[in-house]
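The block underneath contains the structure these notes are about, expressed in structure tokens.
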Amino acid sequence: MSKRKKLIIIIVCVVLALFLVMGLAGALLINSYLSKVQYDTGKELVDIEGLQESILTDEEILGELLADDPASGEADSSQEEIDALESQMAELLKGELEHEADIWKDIVNVLVVGCDSRKKGGVGRSDVMILCSVNEATEKIHMTSIMRDCYVSIPGKNNNRINAAYAFGGGSLLLDTVETNFDVDVEKYVAIDFYSFVDIVDSIGGIEINVKEEEISLLNESVHEMNVLNGRPKETYYVTESGPQNLNGTQALGYARIRHIGNGDFDRTSRQRTVIAKIFEKAKTLNLLELDDLLNTVLPMVKTNMTQGEILSLMVKSVEYLQYDLESHRLPVDGSYQHMRVKGMAVLGIDFEENRNALKDFVLEEEE
């Protein structure tokens with residue numbers, strides 16, 4: 001064999017070896033990412049020691065909901081109003097869900113859940129519920145907040161606020177509740193708690209938020225609570241002035257939790273969507289090393305029922321998805337609900353048919 005042919009063979013072997021090493025390194029890197037995630041296989045409620053004790057009873061949930069409601073001593077709505085609402089809900093559940101007709105087949109739906117647990121990894125109520133719907137046809141991501149006070153049917157439980165479902169039975173029960181009441185095909189969820197949210201925002205260097213003067217004291221109340229939980233001096237990270245500013249994770253959490261000003265929880269869900277949009281925009285600016293740091297920070301904090309293959313698919317498409325436009329929505333839509341009080345709880349009695357149709361209109365828009 002000539003020296004030239006030997007040289008060509010050597011070069012080809014070296015190139016193939018390099019590709020093999022790169023492929024192996026890439027596979028190891030991806031596997032390291034995927035191994036960090038907390039996977040919900042649906043068996044946790046019986047398999048994980050001690051977790052069963054943290055799943056609350058109906059009475060305990062009602063007690064916590066009332067404790068969180070400063071006006072819980074007020075009289076309930078009339079029995080006639082309550083009966084009319086629950087009759088509508090009962091009729092609604094008799095019909096077949098339209099999503100069985102495959103109208104959601106081209107949409108990637110993932111429910112993002114923010115749990116109010118003050119303990120890392122604990123089970124709490126889902127005070128943040130945002131349905132993230134990726135529409136590849138229109139290259140849009142729709143973020144639809146579901147108000148936590150919506151009075152809904154929770155499968156296997158009594159009617160209650162929707163944020164109680166996660167505390168009753170974790171992500172699987174919350175998904176069933178959202179599907180049942182809003183007629184949307186969503187089988188996957190991603191959940192984080194307060195601590196995870198703080199670390200995610202800190203890992204990207206904070207986010208810029210325009211803080212209003214009237215929001216400062218309420219923002220700092222939440223900051224104070226997190227300081228106590230983390231053993232820090234109570235005024236650490238206090239926001240002292242209004243206007244656009246870079247908020248760290250603790251401050252951004254305080255901003256997202258503001259509730260008792262303006263239009264209450266309606267404004268709070270708007271702030272939550274603003275925070276997610278800011279995180280999304282910041283992620284677009286990160287280089288590969290920064291993205292690696294972000295993934296290594298975020299993934300161990302995430303609990304999900306997605307499989308490794310599904311997460312890998314989303315990771316592969318994430319570069320494309322980061323270029324999509326974000327659109328923000330809320331359920332219930334204006335004019336489709338009434339403020340009510342049931343069992344001492346302040347709730348939203350909603351027109352389910354109108355809100356089901358509104359959700360479809362948000363997400364299933366025709367490609368222009």
Side-chain angles (χ1 to χ4, degrees), residues 99 104 106-116 126-150 162-163 166 171 174-175 177-179 181-193 196-197 200-201 204 207-210 247 252-253 255-259 263-285 294 298 302 304 306 314 317-334 336-337 348 350 355-365 367:
H99 71 254
W104 297 94
D106 296 323
I107 306 295
V108 178
N109 282 321
V110 178
L111 186 67
V112 176
V113 180
C115 169
D116 71 353
S126 52
D127 273 2
V128 178
M129 290 159 285
I130 299 179
L131 179 65
C132 289
S133 306
V134 181
N135 188 331
E136 294 185 350
T138 60
E139 298 188 351
K140 292 180 181 178
I141 298 175
H142 297 264
M143 296 189 302
T144 306
S145 294
I146 300 174
M147 302 287 291
R148 69 172 199 160
D149 290 346
C150 290
I162 194 169
N163 72 328
Y166 191 75
L174 178 58
L175 287 173
T177 301
V178 171
E179 278 202 328
N181 290 274
F182 293 101
D183 191 16
V184 56
D185 186 9
V186 52
E187 299 178 351
K188 304 300 176 182
Y189 80 92
V190 173
I192 61 173
D193 58 23
S196 304
F197 176 87
I200 289 168
V201 175
I204 60 174
I207 54 176
E208 184 169 303
I209 296 290
N210 184 14
L247 300 186
L253 175 64
Y255 175 79
R257 293 180 65 197
I258 294 171
R259 181 184 179 197
N263 198 15
D265 208 40
F266 289 86
D267 285 348
R268 181 169 70 160
T269 60
S270 177
R271 292 186 191 94
Q272 291 165 355
R273 294 191 300 273
T274 295
V275 167
I276 290 180
K278 292 291 184 178
I279 294 172
F280 185 82
E281 291 300 319
K282 191 71 173 283
K284 291 182 180 182
T285 69
L294 176 61
V298 171
V302 168
T304 182
M306 287 192 285
L314 284 178
K317 292 185 175 181
S318 62
V319 175
E320 175 186 350
Y321 289 165
L322 283 173
Q323 307 308 313
Y324 283 13
D325 292 330
L326 278 180
E327 294 206 349
S328 179
H329 315 288
R330 184 204 73 219
L331 296 179
V333 295
D334 291 341
S336 70
Y337 63 90
L348 297 175
I350 71 174
N355 282 284
R356 286 178 168 192
N357 290 333
L359 180 58
K360 293 181 178 70
D361 290 341
F362 292 156
V363 181
L364 303 175
E365 57 184 301
E367 185 177 8

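Excluded from the calculations below are hydrogen atoms, water molecules and symmetry mates; all remaining heavy atoms, backbone and side chain alike, are included.
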Item checked: N/O donor-acceptor pair under 3.5 Å between E327 side chain and H142 backbone -> no
Next item on the list: Using atom types as modelled and distance alone, determine if a side-chain donor or acceptor of R148 lies under 3.5 Å from a backbone N or O of C150.
Entry: no
Check: Should H329 and F362 be marked as a ring pair (Phe, Tyr, Trp, His ring centres under 6.0 Å) after you check the CA-CA gap, both sets of side-chain angles, and the distance that decides it?
Finding: CA-CA 8 Å; H329 315 288; F362 292 156; 4.0 Å; yes
Checklist line | Distance in Å, L131 CG paired with M143 CE, rounded so as to fall on 0.5 Å steps | finding: 11.5 Å
Next item on the list: Applying side-chain hydrogen bond (donor to acceptor under 3.5 Å, both in side chains), name anything that partners Y255, two or more places apart in sequence or on another chain.
Entry: none
Next item on the list: Please list, chain by chain and in numerical order, all residues satisfying salt bridge (Lys or Arg N to Asp or Glu O under 4.0 Å) with E320, sequence neighbours excluded.
Entry: none
Note to self: Applying side chain to side chain contact (heavy atoms under 4.5 Å, CB included), can you list everything that pairs with A256, at least two apart in sequence or on another chain?
What the structure shows: Q272, V275
Note to self: Among residues at least two apart in sequence or on other chains, which ones pass salt bridge (Lys or Arg N to Asp or Glu O under 4.0 Å) with R273?
What the structure shows: none
Checklist line | Donor-acceptor under 3.5 Å (D149 side chain, L348 main chain) | finding: no
Check: Can you list the residues that meet the salt bridge (Lys or Arg N to Asp or Glu O under 4.0 Å) rule with E281, with sequence neighbours excluded?
Finding: K284
Margin query: Please check this pair: side chain of N109 against backbone of E187, looking for a donor-acceptor N/O pair closer than 3.5 Å.
Written below: no
Next item on the list: Using side-chain hydrogen bond (donor to acceptor under 3.5 Å, both in side chains) as the criterion, list what pairs up with D325, not counting sequence neighbours.
Entry: none
